[in-house]
Amino acid sequence: MACPEFLQLPDLLGEGRVCHVQPRGRLAERPSGSRGFFTVAAGGRVKIQTETDGSVREDLDRADGLFASRIDSYFDRLGARGRVVMSHLPLSVTVVLVVVAAGLFSPATLAADTFRLALLAHLALFLAGVAIPWNRLPAGLFVVIPVLDCLAIGFTREAGGPSFNVLSLMLVFPVVWLSVGPGRSGVVLAVTGTVLSAVVPAAVLGSAPTQGSMIRTIFLPLVMAAIAVSAHVVARTLRRNRRALILKDHALEETLADSVDRQELLDAVLGAVRVGVWVVDQDGNKALTNSAIRAEPPLARLADADSGVRVLLGDRSTPVPAHMLPAARAARGDMFADELLWVGDDGDQLAYSVSAHDIRSRDGARRGSVITFVDVTPLITALGAKDAFVATVSHELRTPLTNILGYLELILDEPGHEGIVEELHIVYRNATHLLGLVNDMIAVASERMDLSLEEADLASLLADVVHSTSPQAASRRLELVLEAGQPLTARMDAARICHVVGNLLSNAIKYSPDGGRIYVRAHRTGEHLVCSITDPGIGMSTEDREQAFTKFFRSARSRETAIPGAGLGLPVSKTIIEGHGGSLTLASAPGAGTTATFSLPAG
């Protein structure tokens, strides 16, 4: 990756040190000459070499919000010469003030040749800092200036006499300048310069040692050494803290950039998919919608909490109450999947498969929900066309089949056909079976069943169906066991319920190839009659169980083993039971048999 440009950190890492830029702002030393590294050069300048083209370029850190960064930016634009001049400027200004004070309060001192020579030394050092091209010289050579400043201060103090002993305080400027660098050598040079400032001028000018000069010679280096060490420690701590702050700032910038990239990716995905996505907060208020929502006026109005939009249940006639709308349910924490809703005004309604999923924070707290709308109008239309086709064909088949059965009954009742009676019975049985399939297809296609409700005993109906089915079960080495001792009366369509029980027993027999017992149990539970049929058969997988009530569905196992069936028994049975106001469920596992349970209202 290309190295980030934020790492222009003067004096953070030490001159000549080469570092490689790792992802997430981590730094690791790497040999000079490799690609993708930066070098801390003289004066704290950082040279960055990118991995893309190998070019070397200089820049400043991008942490423009930091005051120190703006100072670094200013110093970097000055160059090495400008930095030396700016570092020397406080002492030069102080010397100018000393000249002014001497002219006002001690003209004789200002007129002394030694004092003037000392002042000329200061001027020469300032001009040297301005004139010398420091960027062309070896790194660190500029320390000669502050060391010579110490000597110049010492000569100025000695030439001024006792009245100018206070000028020793000016040593703070070169001492701090030398000490704030990254290396400990600056502290050593600062202490050395202070000692030279106390000893050399007195020796050169031949000043007689006094008690004051001896105290100065001893304590001045100690005080300045303490200042040098303190300045170095403070500067080093500030550099370390600032480096940590800038690295954290870069990590934050990277995190923000990642967030922006992910947001752009999310926007692209949400804009590309044709699924309507509606994000709501924990109160059900709109937080985000994608273009698929905004492109559909009914959904856009629904997301904008327009109470005038019409929302119907899957039957396309029952309005959805306000508290059962998707956003209201999501605000309560309800999760649902693939619920069919019709949205829009009459004539412009669209069918949507609606799902809702929670959004949770790291601590598990619910922060909102994602509601998705999948337009299934074409699918619903296609399924309606298929059902209409099936119903039309079934009606067309039922009339000739009814005629065939009627004529077969006449033929069987007339004498003279004794030689083909068995064949006629086979034709009659198969035609009856085919008529039953046609009636099942009509019932499934209409999804409604005309029921003739009357008081009936479920236990008695079960006994009749078990008795009539026992021979078929016995041929497959199966025993039917009925457990329903008490009368279980309710209003029901007896013929339809017998049809349901017959379908369930037929499935239990077909899918139990190894023999065993099939239990038929019925009992009363509160206001419902519950009947269950349990077989020892091959069982069903989770995927097959979820598809079991789909029209014409047959599992791969049933097709491989050539188990007969049209995939209509369970859908028809479900339609009949739900027409009674009850429910039909399956419980099964591969190799563990299947239990089909239906319940009917007992009232």
Side-chain angles (χ1 to χ4, degrees), residues 266-267 269-360 366-388 444-449 546-547 549-551 571 574-575 577-585:
L266 177 61
D267 291 342
V269 171
L270 292 179
V273 298
R274 303 187 65 179
V275 176
V277 179
W278 177 14
V279 181
V280 297
D281 60 20
Q282 59 266 35
D283 297 322
N285 300 316
K286 181 177 71 173
L288 172 70
T289 56
N290 71 338
S291 58
I293 290 283
R294 298 188 293 271
E296 296 292 342
L299 290 184
R301 291 170 57 195
L302 182 63
D304 290 335
D306 185 353
S307 59
V309 64
R310 193 177 185 192
V311 183
L312 305 176
L313 293 176
D315 59 8
R316 209 172 182 178
S317 60
T318 305
V320 178
H323 69 280
M324 292 301 293
L325 289 174
R329 295 178 61 186
R332 295 195 301 270
D334 294 347
M335 289 187 293
F336 48 90
D338 299 327
E339 294 194 2
L340 181 63
L341 295 179
W342 289 87
V343 182
D345 300 326
D346 293 337
D348 295 324
Q349 291 178 342
L350 296 176
Y352 293 98
S353 176
V354 185
S355 303
H357 303 277
D358 275 350
I359 302 174
R360 295 191 176 274
R366 197 176 69 85
R367 301 180 57 188
S369 300
V370 177
I371 307 173
T372 58
F373 293 80
V374 180
D375 187 356
V376 293
T377 307
L379 176 61
I380 297 297
T381 303
L383 291 176
K386 185 196 72 172
D387 291 342
V444 168
S446 64
E447 294 187 351
R448 290 185 298 181
M449 193 75 63
E546 291 175 350
Q547 297 290 326
F549 295 106
T550 303
K551 304 169 189 178
K574 184 178 178 66
T575 301
I577 294 299
E578 290 181 349
H580 282 78
S583 63
L584 174 61
T585 60

- Item | For the student: nearest non-hydrogen atoms of Ala337 and Ser355, plus distance | CA-OG, 3.4 Å
- Task: Look up atom CZ in Arg367 and atom CD in Gln282, then write down how far apart they are to the nearest 0.5 Å.
- Result: 8.5 Å
- Please check if atom CZ in Arg294 has more than 12 non-hydrogen atoms from other residues, nucleotides or ligands closer than 6.0 Å. yes
- Item | Considering all heavy atoms, the nearest Pro378-Asp375 contact | CD-OD1, 4.0 Å
- Item | Spacing of Glu578 atom CD and Ser583 atom OG [to the nearest 0.5 Å] | 8.0 Å
- Note, Lys286 side chain near Asp304 side chain (heavy atom, < 4.5 Å): yes
- Give a yes or no on whether the backbone of Ala331 and the side-chain of Arg366 come within a donor-acceptor separation of less than 3.5 Å. yes
- Does a side-chain heavy-atom distance below 4.5 Å link Leu341 with Leu313? yes
- Query: What pair of heavy atoms forms the shortest contact from Phe373 to Pro326, and how long is it?
  - Reply: CZ-CG, 4.3 Å
- Task: Please answer whether the main-chain N or O of Pro298 pairs with a side-chain N or O of Asp345 as donor and acceptor at a distance below 3.5 Å.
- Result: no
- Is the side chain of Thr289 donor-acceptor paired with the backbone N or O of Trp278 at a distance under 3.5 Å, no angle test? no
- Would you check if the side chain of Asp281 reaches a backbone N or O of Asp283 as a donor-acceptor pair within less than 3.5 Å? yes
- Message: Return the CE to CD1 distance between Met335 and Ile371, rounded to the nearest 0.5 Å.
- Response: 13.0 Å
- Would you indicate whether the side-chain heavy atoms of Val277 and Leu288 approach each other to under 4.5 Å? no
- Minimum side-chain heavy-atom gap Leu302-Tyr352 below 4.5 Å: no
- Atom CD in Glu339, atom OG in Ser353: separation rounded to 0.5 Å? 9.0 Å
- Item | Where Met324 and Arg329 come nearest, the two heavy atoms and their spacing | O-CD, 3.2 Å
- Note on the structure: Taking every heavy atom of Ala328 against every heavy atom of Ala322, the minimum-distance pair comes out as CB-O, 3.6 Å
- Judged by atom type as modelled, is there a donor-acceptor pair below 3.5 Å linking the side chain of Arg310 to the main-chain atoms of Gln349? no
- Measure the shortest side-chain to side-chain distance between Ser317 and Leu312 over non-hydrogen atoms and say whether it is less than 4.5 angstrom. no
- Task: State, with a plain yes or no, whether a side-chain heavy atom of Val343 is found less than 4.5 Å away from one of Leu350.
- Result: no
